[in-house]
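Computed from heavy atoms alone, side chains included, the values below leave out hydrogens, waters and symmetry copies.
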Amino acid sequence: MKLLKLVPDNTNIGFVAVRKWAFALTALLTVLAVGATLHKGLNLGVDFVGGLMIEAKFPQAVETDKVRSTIGSLGVGESSLQQFGDPKTVQIRLPLPEQGGAGAANAVVEKTRKAMVAEFPGVTFSRYDTVSGKVSGELIQNGVLAVVLAILGIAVFSWFRYEWQFGVSTFVAIVHDVLMTLGFFAITQLEFDLNIIAAVLTIVGYSINDKMVIDDRIRENMRKYRKMDMKSLIDLSVNETLPRTVMTSVTILLALGALLLLGGHVLRGFTAAMMLGIIVGTYSSVYVSSSLLISLGLSPQTSEKKAAKKGDYAGTAERVGPRDDGAKP
């Protein structure tokens with residue numbers, strides 16, 4: 001029985017040859033993502049903005065202006081409406097009552113529900129959440145801090161684990177992955193809540209795992225083939241790890257695809273962020289992070305000098321290129 005191979009043996013794709021095009025595409029996408037985030041903003045969930053969030057499901061498509069008019073007549077504060085997922089589902093945001101705590105919030109929800117049922121027979125409230133303004137401010141702070149510290153910690157680890165060039169390239173690639181995710185949520189206006197922060201941190205973890213595998217192989221080959229051209233060495237390293245990279249990405253995407261179809265609307269944003277992160281993270285690992293090492297001046301001699309200072313001479317073979325697989329030992 002022949003085994004299925006997503007990447008054939010002896011694959012030799014010239015990733016470095018298109019690095020300038022990849023850098024230009026990466027810069028363009030990053031600018032577009034930042035521009036979209038600044039221009040359209042994120043559809044922040046109740047976790048971050050505070051207040052009441054009600055998700056109403058209607059038996060048929062409904063006009064948001066009519067829903068807004070119905071809620072406006074209740075005197076419960078200014079409402080913000082958005083169709084969520086399909087024309088039959090509307091997300092309603094209301095300010096929290098100034099006094100009364102959870103009891104007053106529940107009274108507002110019940111009052112809104114009765115008015116909506118009277119105006120739109122068959123409507124149901126699938127869920128509602130309440131978060132105070134103070135808590136939401138703390139959540140924003142902690143969420144941003146968690147992402148920033150994760151990125152900086154990973155970059156510093158790469159710097160000390162390898163050479164400084166690895167730390168810089170890893171930092172650039174991961175920031176790119178995070179900005180792409182933010183741009184995606186700004187364009188689609190999917191709800192951005194704590195679940196998405198968890199997805200972003202997971203994306204960062206996946207991206208660094210992918211990059212570390214490639215960086216380890218690059219560093220190993222730098223010691224094996226000290227006289228090999230750096231472009232050829234990086235192409236060799238990326239191609240050697242390509243089967244693992246592709247297989248990992250495909251299997252994760254299959255699992256996420258099932259979650260997207262069967263996980264319900266609550267997990268839709270998280271799953272969409274994860275799927276985008278896997279694709280973008282794989283791209284940045286293969287085309288951005290590894291090729292950027294050349295622009296930063298990394299060479300096999302860099303690794304050799306560092307190894308010599310530490311007294312590590314295990315990888316000082318005088319090979320110029322990889323050994324022919326068909327050669328006899």
Side-chain angles (χ1 to χ4, degrees), residues 36-143 182 184-199 259-273:
T37 305
L38 294 177
H39 177 66
K40 299 189 69 173
L42 296 172
N43 178 27
L44 295 176
V46 69
D47 292 336
F48 294 137
V49 297
L52 264 171
M53 195 283 289
I54 302 170
E55 192 170 282
K57 288 186 174 293
F58 295 83
Q60 65 259 343
V62 65
E63 295 181 7
T64 55
D65 288 341
K66 192 174 180 181
V67 176
R68 184 179 290 105
S69 176
T70 301
I71 297 174
S73 64
L74 301 177
V76 293
E78 184 177 354
S79 62
S80 174
L81 275 64
Q82 181 183 16
Q83 288 186 326
F84 183 74
D86 62 76
K88 297 179 182 179
T89 305
V90 177
Q91 191 179 83
I92 305 168
R93 291 181 186 169
L94 295 169
L96 281 174
E98 294 182 2
Q99 297 178 347
N106 290 333
V108 170
V109 172
E110 183 61 21
K111 184 178 181 181
T112 305
R113 188 190 66 79
K114 288 181 179 179
M116 295 285 284
V117 169
E119 185 69 29
F120 307 97
V123 66
T124 58
F125 283 8
S126 55
R127 70 185 179 105
Y128 75 91
D129 297 315
T130 60
V131 176
S132 70
K134 181 179 179 181
V135 172
S136 63
E138 292 175 354
L139 290 175
I140 291 177
Q141 231 176 10
N142 293 338
L182 293 179
F184 170 76
F185 275 87
I187 292 171
T188 61
Q189 287 295 292
L190 287 171
E191 185 178 358
F192 194 92
D193 54 18
L194 281 180
N195 287 334
I196 309 306
I197 293 293
L259 189 61
L260 183 66
L261 294 174
L262 306 174
H265 66 276
V266 175
L267 294 175
R268 187 173 293 124
F270 175 86
T271 309

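Scored by the ring-ring contact (aromatic ring centres under 6.0 Å, His included) test, F120 finds F58 as partners (sequence neighbours excluded). Scored by the side-chain contact (heavy atoms from CB on, under 4.5 Å) test, T271 finds L256, L259, L260, L267, M275 as partners (sequence neighbours excluded). Every side-chain contact (heavy atoms from CB on, under 4.5 Å) that A115 has, sequence neighbours left out, goes to T70, L74. Applying the side-chain hydrogen bond (donor to acceptor under 3.5 Å, both in side chains) criterion to E110, with sequence neighbours excluded, gives R113.
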### Query
Given V67 and M116, is the side-chain contact (heavy atoms from CB on, under 4.5 Å) satisfied, shown in steps?
CA-CA 8 Å; V67 176; M116 295 285 284; 3.6 Å; yes
#### Entry: Verdict with reasoning, N43 to F192, per side-chain contact (heavy atoms from CB on, under 4.5 Å)
CA-CA 6 Å; N43 178 27; F192 194 92; 5.7 Å; no
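Around NZ of K114, the count of heavy atoms belonging to other residues, nucleotides or ligands within 6.0 Å does not exceed 12.
Looking at K40, its side chain does come within 3.5 Å of a backbone N or O of I187 through a donor-acceptor pair.
Here the CD-OG distance, from E119 to S73, works out to 8.0 Å after rounding to the nearest 0.5 Å. Distance OG1/T37 to CG/L42: 5.5 Å, rounded to 0.5 Å.
The shortest heavy-atom contact between A199 and A273 is CB-CB, 3.8 Å.
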